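Below is one structure, written out as structure tokens, with a few remarks after it.
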Protein chains: 2
Amino acid sequence: MKRNLKITIQDVARHANVSAGTIDRVIHNRGKVSADKRIKVEKAIRELNFNPNLLARTLALGKNFLICNLVPGAPSPHHYWSMPARGIKMAAAQYKDYGIITENFYYDLFDEASFVRQSANLLNANPDAVVLAPLLLHESKLFVHKLQNAGIPYVFIDADLPDEQSLSYIGPEVKSSAFIAGRLLNSVLPGKCEILIVNMVKGFANASALQRMEAGFRSYFQQNEPPRQKPVHVLTINSTKKEDVFRELERFYNEHPAIKGVFITNSKAFLVSEFHALHKLDIRLVGYDLVEENIAHLKNGGIDFIISHSPVQQGKRAIQTLFDYFVFKKEPERIQHVPLDIIIRENLDFYIRFNQHYPNELKEEY
Amino acid sequence: MKRNLKITIQDVARHANVSAGTIDRVIHNRGKVSADKRIKVEKAIRELNFNPNLLARTLALGKNFLICNLVPGAPSPHHYWSMPARGIKMAAAQYKDYGIITENFYYDLFDEASFVRQSANLLNANPDAVVLAPLLLHESKLFVHKLQNAGIPYVFIDADLPDEQSLSYIGPEVKSSAFIAGRLLNSVLPGKCEILIVNMVKGFANASALQRMEAGFRSYFQQNEPPRQKPVHVLTINSTKKEDVFRELERFYNEHPAIKGVFITNSKAFLVSEFHALHKLDIRLVGYDLVEENIAHLKNGGIDFIISHSPVQQGKRAIQTLFDYFVFKKEPERIQHVPLDIIIRENLDFYIRFNQHYPNELKEEY
DNA sequence: AATAAAAGTGTGTGCGCACACATTAAAAAG
DNA sequence: CTTTTTAATGTGTGCGCACACACTTTTATT
């Protein structure tokens, strides 16, 4: 516990034989500074390795930035969308003293009207930046254009709209992700069998992402090295309700008894796993997202692999990106692909513990 | 960009009809405060949801904490130990304004004397806390006891000494890690073949960790579900030099031609991969750590899986943990196991980009 | 040469907090 | 009922910075 030995503006001022104000002018190249003093100051800054104290700066500025998040609501704390929300919350806590304020607006994935409503509410809040999960294609585009007109910067998480002018996209490269799913699935499959992709969609969520996923997955089985080259079927179910899924699976499996591996393109792999358990089917499963139910089925062996797109990190990084953008004026990378984490029973617990439950969860006590 | 709407001590003071000084006394329960005022103040704090501004607090306190790190030196920027160092640097940059100062002391993994020397230097620096990679068992214990006597808290990264009183251990659970290695290796192996564990050790680094690794790895093959149950050999090479390794491998493979899978317990899997390439051997490989050479061999297919213990995160988390400990007086968890990340060719790039090269790398410009 | 207008520079205040100090009220001692 | 002691409370300063303002030089204008 030592006393401060930091270089301050005053130190630089003394060293350059000018006043603090001049240092300030040089740093922000505001106002008039004579050439010789400017040079002296720059020299002093270099020599002393002066680095402005971000704390003091933030305090003095007293500026606040309002970041509004428009993401799907999470019906329960174990729902997928509670994870990005958690990441956002963590980052918000971390940066709150720096003037970052966040406000969440939740919409219902299956209710376009709710998106429209909430996006209007969001605009009313007059944000400085927006974090958006653009899962409803059409509505998202309209909304984004409004942001564009209002000059409000925005970042996408989870899904990208490559044609739009977002500051950044933070999320997976779904094609590679699905390719990996193929590789993992194949590694636990016998040489000869058939494979199924299961889509569950209500409405027209993000059809293009689904297509890229399918393409990525298929491309693994189209290469004919070792024992790949398996028939790949697709089953699309217009619901995520258990009874609907079970009915459709039953029908499909009856017609295709050679299916030995299934790839589920959303976070509902556990439903398929339940079905397999019920009918004592020995079928291997790869799915997405570490939601509570998938965790359970990973543990009991019903699911072989889960690919996780670090949803918590996505939320966190979105806020960090905007923070850097505002405070450091740092232009972010247009695309920030998240890791494609391979989760199996054995590394599950470590992953969850380290990534989800980590601190900085605001401490209000002292 | 809004003006501040934060609750300050002054707000609380007005609301409770007392002066700022009294609020301060209540918050830090320092000095004398009458019962009724204390209650009023506490009520006001609750009602206004007052939260002290960490920035202002840090600024006012002007305290500095010196964290000294004693870790192996990295001969090149792609060496394994440059990664924890990077994490430390990142976290140090993040927290520098909060008064966290870090200083690094590097020792040579294969030179006990260097450890002793550097640990003495470190103590001279009079640190408030220490981050230690206790890879030299004996010397580390001696050193840690000195810290203990001096009342200096410390955390371990990468390896644990469970008997010591460290604030926290941040690193892998090696047994599970090796078990996963077994599972992954087996997934790319034919039903019938033999398996090899390769240890490369100079001196007696951390024999116990090696043993736990072996045990974890073996335990996978001792379960007799599907097609496990393979003979597991061990080859220990007292060197990491290419010629030594090649010679030993050649000798061993001649005697054991049925080897089809190898598990390398340190970060030198690429050496074995090179050997395989040279002799056109079709042998599958699992190893540790995303060092540059392993990355290359993952890409060219010579290595099938790399398990990564998030070395960058380890360094980062170590500093974060100490920061929370000092600033928030938060007692950390004794064990913080890092994720056991499974890296294959296809998720490699995403992993590296996202985890290693992320910003907050100090900005020294203006 | 006298004045006006820039250009260049220094000073002072406040951000929210911690802490030393000054002040006042109440209790103990005489 | 004073005087001391002690408990209770208020005030003022500084942390490092940004920014408004006042001030002093130059330079341009007539």
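Proteins come first, then strands; the chains are lettered A, B, ... in the order of their sequence lines, and each starts at number 1. These numbers come from a predicted model, not from an experiment.
- OP1 and OP2 of dC19(C) both lie 4.0 Å or more from every side-chain N or O belonging to H28(B).
- What separates CD1 of I23(B) from P of dG10(D) is a distance of 9 Å, to the nearest Å.
- Sorted by first then second residue, the salt bridge (charged side-chain N to carboxylate O under 4.0 Å, His left out) pairs that include residues 17-26 of chain A, not counting sequence neighbours, are D24(A)-R30(A).
- Atom CZ of R30(A) is separated from atom C1' of dA18(D) by 6 Å (rounded to the nearest Å).
- Here the P atom of nucleotide dG16(C) and the NZ atom of K96(A) are 13 Å apart, to the nearest Å.
- Look at K43(B) and E47(B) and you find a salt bridge, because one of the NZ, NE, NH1 or NH2 atoms lies within 4.0 Å of a carboxylate O, short of that distance.
- For the pair Q10(B) CD and dG10(D) P, the interatomic distance rounds to 11 Å; values are reported in whole Å.
- Between the P atom of dC15(D) and the CG atom of L54(A) lies a distance of 19 Å, rounded to the nearest Å.
- By the side chain to side chain donor-acceptor pair (under 3.5 Å) test, Y80(B) is found to be paired with D158(B), residues two or more places apart in sequence or in another chain being considered.
- With sequence neighbours left out, H79(A) forms a side chain to side chain donor-acceptor pair (under 3.5 Å) with no residue at all.
- Residues that satisfy the side chain to side chain donor-acceptor pair (under 3.5 Å) test with D97(B), not counting sequence neighbours, are absent from this structure.
- The nearest whole Å value for the distance from the CG atom in N53(A) to the P atom in dG16(C) is 16 Å.
- Comparing atom distances between the F50(A) side chain and each of dC15(D), dA18(C), dC17(D) picks out dC17(D) as nearest.
- The OH atom of Y98(A) sits 13 Å away from the P atom of dC17(D) (whole-angstrom rounding).
- L59(A) places its CG atom 11 Å from the P atom of dA18(D), with the value rounded to the nearest Å.
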Fill in the blank from the handout: Given protein heavy atoms under 4.0 Å, the one-letter contact record of nucleotides 8-13 of chain C, with B base, S sugar-phosphate only and - none, is simply SBBB--
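- For I39(B), there are no side chain to side chain contact (heavy atoms under 4.5 Å, CB included) partners two or more places apart in sequence or in a different chain.
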